[in-house]
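What follows is a single structure, written as structure tokens, with notes after it.
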Protein chains: 2
Amino acid sequence: MHDHDHDHCVAEALTRAEAICADRGARLTDLRRQVFELVLGSHRPVGAYDLVARLGESGGKPVAPQTVYRALDFLIEQGLVHRIASLNAFVGCSHPQVAHAGQFMICTRCQEVAELGDPAAVTGLIDRAAAQGFTVQSVSVELTGICAACRGRGL
Amino acid sequence: MHDHDHDHCVAEALTRAEAICADRGARLTDLRRQVFELVLGSHRPVGAYDLVARLGESGGKPVAPQTVYRALDFLIEQGLVHRIASLNAFVGCSHPQVAHAGQFMICTRCQEVAELGDPAAVTGLIDRAAAQGFTVQSVSVELTGICAACRGRGL
DNA sequence: TCTCCGCTGTTACAATATCACACCGACTTG
DNA sequence: CAAGTCGGTGTGATATTGTAACAGCGGAGA
């Protein structure tokens, strides 16, 4: 469907990630890089235990859940990965340079996830909350529905 | 903090719920009512297993998780309860008459949750998604932060 | 009465996430 | 160099959340 070159987009994202981490003095270790590659490469939400399994296959040594969760925590902290609460899953971030809230469109047919990218909506929500005396720390927006591709295929 | 009368607000909500279910021919059974009361009465997000425990205490007979989840599914379907994905928890809905998307402000200090009630934001998100070819089925907005009461107390 | 169907009970299990503690290597500090 | 510190990882056990599969029960209607 997406005819983009996954390998290329993964490589590019990795390069960006390294730059970002270097800037901040954050350590993008082997393990963290591997997890990041897997999340990016799948290009859809991935469960933590999927990652555990895949690392076990490729790496030789089995990896414990804790290990993966720690790597994910790091990546999320750096804004390289988002967590999708409604799916208990994780996706690579499409533009980690800019700090931003997670806003996702989740297709219930093909499981693909796209970022909505509507900063105005986020600031609107924050303002509205502020008007009610609530100081916002984080924002999470998750839409489920049918993506354009699936709809085009008549699904 | 909230000096409102919980008993009264629970009773009122129950009355509304009965009316709504009666209207729709949905069966608000004893079990479902008990679960609903517990969710409402706590007036904050409650985990499914909290409910299991409380039902076990009060009711005499221990209750299985499955039982609680089924009751919750029903209540959610009727719009009487919302699920908060980021907390794996459930809250009573403050205005179940009107179908609406879940929009929550979650206080990280006191764990209280309030509904934001910003339908314009929701329609905005839906429109934006539609512009990208995405047909929305459900919307979930969850803000974390500090509520007015906690901020007032200098926390 | 008989049958269907929705609700509940029960057992087992799957999936997700965290705790506690040990080790290792890099880096600092004396 | 020795000693201490700290972040990252390994490891085993365990907590928490959510489902599957199947059985029984009781009311509504043919």
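We name chains A, B, ... by the order of the sequence lines, and we start the count at 1 in each one.
Picking from C:dC7, C:dT10, D:dT11 the nucleotide with the shortest atom distance to the side chain of A:Thr67 gives D:dT11.
Computed from coordinates, the B:Ile84 CD1 to D:dG18 P distance equals 12 Å when rounded to whole Å. One atom, CZ of B:Phe36, and another, P of C:dC7, lie 17 Å apart when rounded to the nearest Å. A:Arg32 places its CZ atom 6 Å from the C1' atom of D:dG8, with the value rounded to the nearest Å. The CG atom of A:Leu72 sits 15 Å away from the C1' atom of D:dG8 (whole-angstrom rounding).
Atom CZ of A:Phe90 is separated from atom OG of A:Ser42 by 12.0 Å, given to the nearest 0.5 angstrom. Taking CG of B:Leu75 as the reference point, atom CD of B:Gln78 lies at 8.0 Å (rounded to 0.5 Å). Between the CG atom in B:Asp50 and the CZ atom in B:Arg44 there is a gap of 11.0 Å [rounded to 0.5 Å].
Of the residues in residues 18-31 of chain B, B:Arg27, B:Thr29, B:Leu31 come within less than 4.0 Å of DNA chain C through at least one heavy atom, sorted by number.
Residue A:Phe104 is found in a hydrophobic cluster whose other members, listed by chain and number, are A:Ile84, A:Leu87, A:Val91, A:Ile106, A:Val113; membership requires side-chain heavy atoms under 4.5 Å apart, directly or through intermediates.
Residues passing the salt bridge (charged side-chain N to carboxylate O under 4.0 Å, His left out) test with A:Arg70, sequence neighbours excluded: none. Residues that satisfy the salt bridge (charged side-chain N to carboxylate O under 4.0 Å, His left out) test with B:Glu77, not counting sequence neighbours, are absent from this structure.
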For residues 121-132 of chain B, which side-chain N or O atoms pair as donor and acceptor with protein atoms under 3.5 Å away, sequence neighbours left out?
from, atom 1, to, atom 2, distance (Å)
B:Thr123, OG1, B:Pro119, O, 3.4
B:Thr123, OG1, B:Ala120, O, 2.8
B:Arg128, NH2, A:Gly117, O, 2.5
B:Gln132, NE2, A:Leu116, O, 3.3

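Scanning all heavy atoms of the two residues, the minimum distance from B:Cys9 to B:His43 falls at SG-CD2, 4.3 Å.
Evaluation of atom-type donor-acceptor distances gives a pair under 3.5 Å for the side chain of B:Arg70 against the base of C:dG9.
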Output a table of nitrogen or oxygen pairs between the protein and nucleotides 13-17 of chain C separated by less than 3.5 Å.
from, atom 1, to, atom 2, distance (Å)
C:dA17, OP1, A:Arg83, NH1, 3.0
C:dA17, OP1, A:Arg83, NH2, 2.6
C:dA17, OP2, A:Tyr69, OH, 2.8
C:dA17, O5', A:Tyr69, OH, 3.2
C:dA17, N7, A:Tyr49, OH, 2.5
C:dA17, N6, A:Tyr49, OH, 3.3

